[in-house]
Amino acid sequence: MAYPLANMELRPLGNTGLKLSSVGFGASPLGRVFGPVSEDDAIASVREAFRLGINFFDTSPFYGGTLSEKMLGKGLKALGVPRDQYIVSTKCGRYVEGFDFSAERVTRSIDESLERLQLDYVDILQCHDIEFGSLDQIVNETIPALQKLKKTGKIRFIGITGLPLEIFTYVLDRVPPGAVDVILSYCHFSINDTTLEDLLPYLKSKGVGIISASPLAMGLLTENGPPEWHPASPELKSACQAAASHCKNKGKNISKLAMQYSLSNKDIASVLVGMNSVSQVKENVAAAAEVATFGKDPETLAEIEAILSPVKNQTWPSGTQQS
């Protein structure tokens with residue numbers, strides 16, 4: 001099902017002036033973190049995403065040990081369009097060899113990323129999974145280093161990412177207004193966990209753009225279920241499995257419903273979904289087009305929410321304990 005470019009909704013990202021496609025291209029699977037992906041398939045998926053109206057691409061040097069950035073770079077180059085036609089976000093501070101949020105490392109990191117991406121600048125550079133570092137270092141050393149990079153033109157905007165929602169308020173309450181432009185939250189705006197919603201008024205009051213990732217809760221909301229290593233509790237896994245089976249029995253797909261649910265909140269600029277094939281791109285764009293035209297499926301969603309109600313908003317620990 002092909003949709004013209006105009007069908008992909010564009011949403012403003014905080015005070016940045018950027019308008020992101022409501023579905024964002026998560027490039028971690030291009031780093032072969034979920035299984036093999038050929039270079040041809042990686043490039044084809046990026047091209048198809050752009051053709052169908054996705055203008056936002058997100059990666060990190062951590063994904064696939066820098067392979068994701070390299071593959072995304074090749075895919076973007078193959079588009080053959082002006083640089084201002086797409087928005088690229090990468091990250092710093094998390095690497096295969098570990099975490100390092102020092103000014104020296106993140107400053108070096110952007111040059112390495114730009115080389116792999118074959119770009120002169122990225123639109124957003126985000127500190128990756130900051131709960132694994134010292135939040136005070138993020139405030140006092142990392143963000144100031146990124147502000148210097150902003151002046152060089154290598155990055156346009158600064159972001160922070162992580163799982164625990166309290167890390168965002170901790171940092172945003174301590175940096176100068178406007179120092180952080182974007183937050184990327186994951187697994188907190190999906191059918192089973194909507195806790196990001198409580199933070200939206202605060203983030204909007206700070207003028208911060210909001211990106212949400214993992215609408216499928218890292219595989220919980222899929223027919224195949226999550227990978228072995230998934231950190232969710234047995235109760236949460238079992239409830240999501242029951243919800244997926246219920247959808248299947250009704251002839252519905254829980255992943256599609258979950259994706260549409262996550263797209264329904266217009267305060268979230270973009271919902272990032274990992275993709276590594278043309279068919280996945282088409283499915284995600286079709287799901288977005290369908291919900292934009294017909295709205296959510298209230299009956300099935302109510303049934304899923306009832307199944308998940310005993311585990312609603314249950315999350316899992318992430319990061320090092322802050323003192």
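Residues take their numbers from the sequence shown, with the count starting at 1.
Under the 6.0 Å cut-off for aromatic ring centres, F168 and H188 do not qualify, their centroids lying 6.0 Å or more apart. Taking the six-membered ring for Trp and the full ring otherwise, the centers of F57 and F50 sit at least 6.0 Å from each other.
The backbone N or O of G153 lies less than 3.5 Å from no partner atom in the side chain of D120, so there is not a single donor-acceptor pair. For N276 (side chain) and V37 (main-chain N/O), no donor-acceptor pair under 3.5 Å exists by modelled atom type.
A salt bridge links K154 and D111; the closest N-O separation between the charged side-chain nitrogens and carboxylate oxygens is under 4.0 Å. Salt bridge absent: K256 and E283 never bring a charged side-chain N and a carboxylate O closer than 4.0 Å. A salt bridge does not link K252 to E223: none of the charged nitrogens lies less than 4.0 Å from a carboxylate oxygen.
A donor and an acceptor atom, one from each side chain of S68 and T59, are located under 3.5 Å apart. Residues D173 and Y202 have side chains that bring a donor and an acceptor to within less than 3.5 angstrom of each other. T195 and D193 share a donor-acceptor pair across their side chains, judged by distance under 3.5 Å alone.
The aromatic rings of F99 and F132 lie parallel to each other, their planes meeting at an angle below 30°, with 60° marking the opposite boundary.
Here the straight-line distance linking atom SG of C187 with atom NE2 of H230 works out to 5.5 Å at 0.5 Å rounding. Remark: L221 CG to S214 OG distance equals 10.0 Å, nearest 0.5 Å.
Environment of NZ in K237: crowded, with over 12 heavy atoms of neighbouring residues, nucleotides or ligands closer than 6.0 Å. Environment of NZ in K204: sparse, with no more than 12 heavy atoms of neighbouring residues, nucleotides or ligands closer than 6.0 Å.
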Pair K91-D129, salt bridge (charged side-chain N to carboxylate O under 4.0 Å, His left out): steps then yes or no: CA-CA 9 Å; K91 305 184 185 80; D129 291 341; over 6 Å; no
Worked verdict on K70 versus E115 for salt bridge (charged side-chain N to carboxylate O under 4.0 Å, His left out): CA-CA 9 Å; K70 289 173 189 159; E115 191 175 331; over 6 Å; no
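In summary, of the residues considered (D84, D181, D123), a salt bridge (charged side-chain N to carboxylate O under 4.0 Å, His left out) with R156 occurs for D123 alone.
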